[in-house]
Amino acid sequence: MIRNMLQMSNVGSYPPVFRQLNGGGVHPPQQMMAQLKKNNYSMEDTSTTTQEDSVPIPMVDLECLSLHKLGDACKSWGIFRLVNHGIPSTLLTKLQYHAKMLFGLSFESKQALITNPMSYFWGTPALTPSGTALNPAASTSTMNWLEGFNVPLTQLPHFHSEHPMLHCFRLLLEEYGRHLSRIATTLFESMAKNLDLDPKQSESKLDESTAFIRVYRYPPRRSLAGEAWGMTPHTDSSVLSIVNQDHVGGLEIFKDNKWHLVNPIPNTLIVHIGDMMQAISDDEYMSVKHRVRVKKQEERLSICYFVFPAEESVIHSSKYKPFTYEDFQEQVQKDTRTLGYKVGLQRFKA
């Protein structure tokens, strides 16, 4: 009750359109609906997800890393829960706290304070390389019910702010980024062993300099006509995505023709296989389709790390034409601008 009252009193921190439209659902346009349905990304309520649908995704222990368990999780699920990851729980708690404090600032303050190389966005997770919205949400029909901060990690040391909260947040993100770089490298090297990839050739397939962090807040929707989506169904373009979510939940994955809720568990991370890892593995590992369902009474917070191949690193696969991540990124942005959605790896099928 107290948490809900605090969120109600903090409504001025949300983007204006979220305040105005806090009644009625957000529905994608017909063109997007048709493409999502064609690719089994249906957002219709044919498979309503409830608490009982929560699925026990595979668990991987980074301290005692089993190549067999890791490989099976990547092949069968495309997602796993990481335990004993070595990130201090105090760091995770501080990050969540500072992120909530920043999001709690007024909408206008966030626009003014979050400056290059960081960026503030809302209504869409599709951004240009510079961090601006690719297709600014012009209407509720194309809107994702989220706002966020985009943080390119290599440029973070160049971000200076006199605002004490932002200064502290930057330091926490730098420390967190170092941990995530360690984790991503360890996991990728183990995956490369499982896939029998050439060590020299696989070096450029995960480039730490490409990594960025997205901090997302999903405001509540208290009066829902249908469903509201914090993020519509998609796969990540990355090699790996590593998610730290709060207690609220809302992440869902598509498996066996059904949507499943992935419940949050304290002090664990969620690792997604991305499109680049699927192509690198010659489709042995699968990029997991997922979405985020908005809650009616509670906002949700997640801190996500994404890492990619070096831009000029060519991915060779029997399933796809040779391409670089730069090629892939350009095509995704072109499709998003012209079609309103990402087509992804299908564009590069051999």
Side-chain angles (χ1 to χ4, degrees), residues 1-19 22 85 87-115 118-125 127 131 144-151 153 156 159 161-177 179-180 212-222 228-231 241-251 262-270 292-306:
M1 175 69 72
I2 292 174
R3 182 187 292 122
N4 289 342
M5 289 173 64
L6 286 171
Q7 289 185 357
M8 289 286 283
S9 66
N10 202 28
V11 70
S13 69
Y14 298 135
V17 69
F18 290 174
R19 295 175 237 160
N22 204 17
H85 43 67
I87 304 177
S89 59
T90 51
L91 175 59
L92 298 177
T93 301
K94 286 178 182 177
L95 261 179
Q96 293 270 353
Y97 172 78
H98 278 79
K100 287 177 181 177
M101 293 292 286
L102 277 174
F103 279 123
L105 297 174
S106 71
F107 174 69
E108 293 75 17
S109 295
K110 285 177 286 195
Q111 287 186 308
L113 285 171
I114 307 301
T115 56
M118 291 174 61
S119 60
Y120 170 67
F121 60 94
W122 59 274
T124 175
L127 307 183
N144 290 258
W145 202 255
L146 60 75
E147 61 177 328
F149 305 125
N150 183 68
V151 186
L153 287 172
L156 198 53
F159 178 77
S161 173
E162 294 182 3
H163 196 290
M165 192 190 303
L166 268 177
H167 176 72
C168 189
F169 191 52
R170 176 181 72 83
L171 296 177
L172 290 169
L173 285 171
E174 285 184 321
E175 183 182 353
Y176 186 64
H179 281 287
L180 270 294
F212 60 80
I213 287 175
R214 295 258 177 93
V215 187
Y216 295 109
R217 179 170 76 159
Y218 303 90
R221 285 291 299 272
R222 295 181 178 85
W229 300 99
M231 215 175 277
S241 307
I242 305 176
V243 181
N244 167 23
Q245 58 177 335
D246 66 8
H247 69 284
V248 174
L251 174 65
V262 179
N263 273 337
I265 296 178
N267 206 32
T268 67
L269 301 173
I270 302 294
V292 177
R293 187 185 295 267
V294 171
K295 298 288 184 177
K296 288 186 178 181
Q297 295 298 331
E298 284 188 284
E299 65 182 33
R300 175 180 184 263
L301 189 79
S302 67
I303 302 172
C304 308
Y305 170 93
F306 304 90

K.L.:
Working to the nearest 0.5 Å, report the span between CD of Gln245 and CD1 of Ile270.
P.N.:
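One gets 5.5 Å once the value is rounded to the nearest 0.5 Å.
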K.L.:
Determine the minimum heavy-atom distance between Leu146 and Gly230, stating which atoms define it.
P.N.:
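So the two residues come closest at CD2-O, 2.9 Å.
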K.L.:
What's the separation between atom CG in Leu269 and atom OG in Ser241, rounded to the nearest 0.5 Å?
P.N.:
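OG of Ser241 is found 12.5 Å from CG of Leu269.
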K.L.:
Got a salt bridge between Glu174 and Arg170, using NZ or NE/NH1/NH2 to carboxylate O under 4.0 Å?
P.N.:
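Arg170 and Glu174: salt-bridged.
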K.L.:
Side-chain contact, heavy-atom cut-off 4.5 Å: Pro220 with Lys295?
P.N.:
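No, too far: nothing below the 4.5 Å cut-off.
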K.L.:
What heavy-atom pair brings Pro219 and Phe18 nearest, and what distance separates the two atoms?
P.N.:
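For Pro219 versus Phe18, the nearest heavy atoms are CG-CD1, 3.7 Å.
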K.L.:
Quick check on the 6.0 Å ring-centre criterion: do Trp145 and Tyr218 meet it?
P.N.:
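No: the rings miss the under 6.0 Å criterion.
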K.L.:
Between Asn150 and Ser119 (side chain of the first, backbone of the second, donor and acceptor by atom type, cut-off under 3.5 Å), is there such a pair?
P.N.:
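Checking the backbone N and O of Ser119 against the side chain of Asn150, no donor-acceptor pair under 3.5 Å is found.
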K.L.:
Got a second to check how far Trp122's CH2 is from Phe107's CZ, nearest 0.5 Å?
P.N.:
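Between Trp122 CH2 and Phe107 CZ, I get 5.5 Å after rounding to 0.5 Å.
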K.L.:
Please step through side-chain contact (heavy atoms from CB on, under 4.5 Å) for the pair Val243 and Leu251, ending with a clear verdict.
P.N.:
CA-CA 10 Å; Val243 181; Leu251 174 65; 5.5 Å; no
K.L.:
What is the distance from atom OH of Tyr97 to atom SG of Cys168, rounded to the nearest 0.5 Å?
P.N.:
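These two atoms lie 9.5 Å from each other.
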K.L.:
Does the side chain of Ile87 reach to within under 4.5 Å of the side chain of Tyr176, using non-hydrogen atoms?
P.N.:
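Side-chain contact under 4.5 Å: yes.
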K.L.:
Evaluate the side-chain contact (heavy atoms from CB on, under 4.5 Å) criterion for residues Leu95 and Phe169: first the C-alpha distance (whole Å), next the side-chain angles of each, then the deciding distance (0.1 Å), finally the verdict.
P.N.:
CA-CA 7 Å; Leu95 261 179; Phe169 191 52; 3.9 Å; yes
K.L.:
Between Asp246 and Val248, is there a donor-acceptor pair closer than 3.5 Å when you use the side chain of the first and the backbone of the second?
P.N.:
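Side chain of Asp246 to backbone of Val248, a donor-acceptor pair under 3.5 Å: yes, one is there.
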K.L.:
Do the non-hydrogen side-chain atoms of Ile114 and Leu166 ever get within less than 4.5 Å of each other?
P.N.:
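Yes, close enough: below the 4.5 Å cut-off.
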K.L.:
When rounded to the nearest 0.5 angstrom, what is the spacing between NE2 in His179 and CD in Glu175?
P.N.:
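His179 NE2 to Glu175 CD: 5.0 Å, rounded to 0.5 Å.
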K.L.:
Are Phe149 and Tyr216 near enough that their ring centres are under 6.0 Å apart?
P.N.:
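No, ring centres 6.0 Å or more apart.
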K.L.:
Of the non-hydrogen atoms in Phe159 and Leu113, which two are nearest, and what is the gap between them?
P.N.:
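Closest pair (atom of Phe159, atom of Leu113, distance): CZ-O, 4.3 Å.
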K.L.:
Assess whether side-chain contact (heavy atoms from CB on, under 4.5 Å) is satisfied between Ile213 and Leu173, documenting all intermediate values.
P.N.:
CA-CA 8 Å; Ile213 287 175; Leu173 285 171; 4.1 Å; yes
K.L.:
Closer than 3.5 angstrom, by distance alone: can the side chain of Thr93 be matched with the main-chain N or O of Ser89 as a donor-acceptor pair?
P.N.:
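Side chain of Thr93 to backbone of Ser89: a pair is present.
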K.L.:
Show your reasoning for whether side-chain contact (heavy atoms from CB on, under 4.5 Å) applies to His85 and Ile242.
P.N.:
CA-CA 11 Å; His85 43 67; Ile242 305 176; over 6 Å; no
K.L.:
Can you tell which of Arg217, Glu147, Arg19, Lys110 makes a side chain to side chain donor-acceptor pair (under 3.5 Å) with Ser13?
P.N.:
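Running side chain to side chain donor-acceptor pair (under 3.5 Å) over Arg217, Glu147, Arg19, Lys110 with Ser13 returns exactly one hit, Arg217.
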K.L.:
Could you pull out the closest heavy-atom pair between Val215 and Phe103, with the gap in Å?
P.N.:
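Answer, listing the atom of Val215 first, then Phe103: O-CZ, 3.4 Å.
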K.L.:
Between Gln111 and Tyr120, is there a side-chain donor-acceptor contact under 3.5 Å, judged purely by atom types and distance?
P.N.:
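Side-chain D/A pair, Tyr120 to Gln111: absent.
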K.L.:
Keeping the roles fixed (side chain from His98, backbone from Lys94), state whether a donor-acceptor pair exists under 3.5 Å.
P.N.:
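Side chain of His98 to backbone of Lys94: a pair is present.
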K.L.:
Examine the side chains of Ser302 and Arg214 and answer whether a donor and an acceptor come within less than 3.5 Å of each other.
P.N.:
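Looking only at side-chain atoms, Arg214 and Ser302 do not form any donor-acceptor pair under 3.5 Å.
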K.L.:
Between atom CD1 of Ile265 and atom NE2 of His247, what is the distance when rounded to the nearest 0.5 Å?
P.N.:
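One finds 15.0 Å between CD1 of Ile265 and NE2 of His247.
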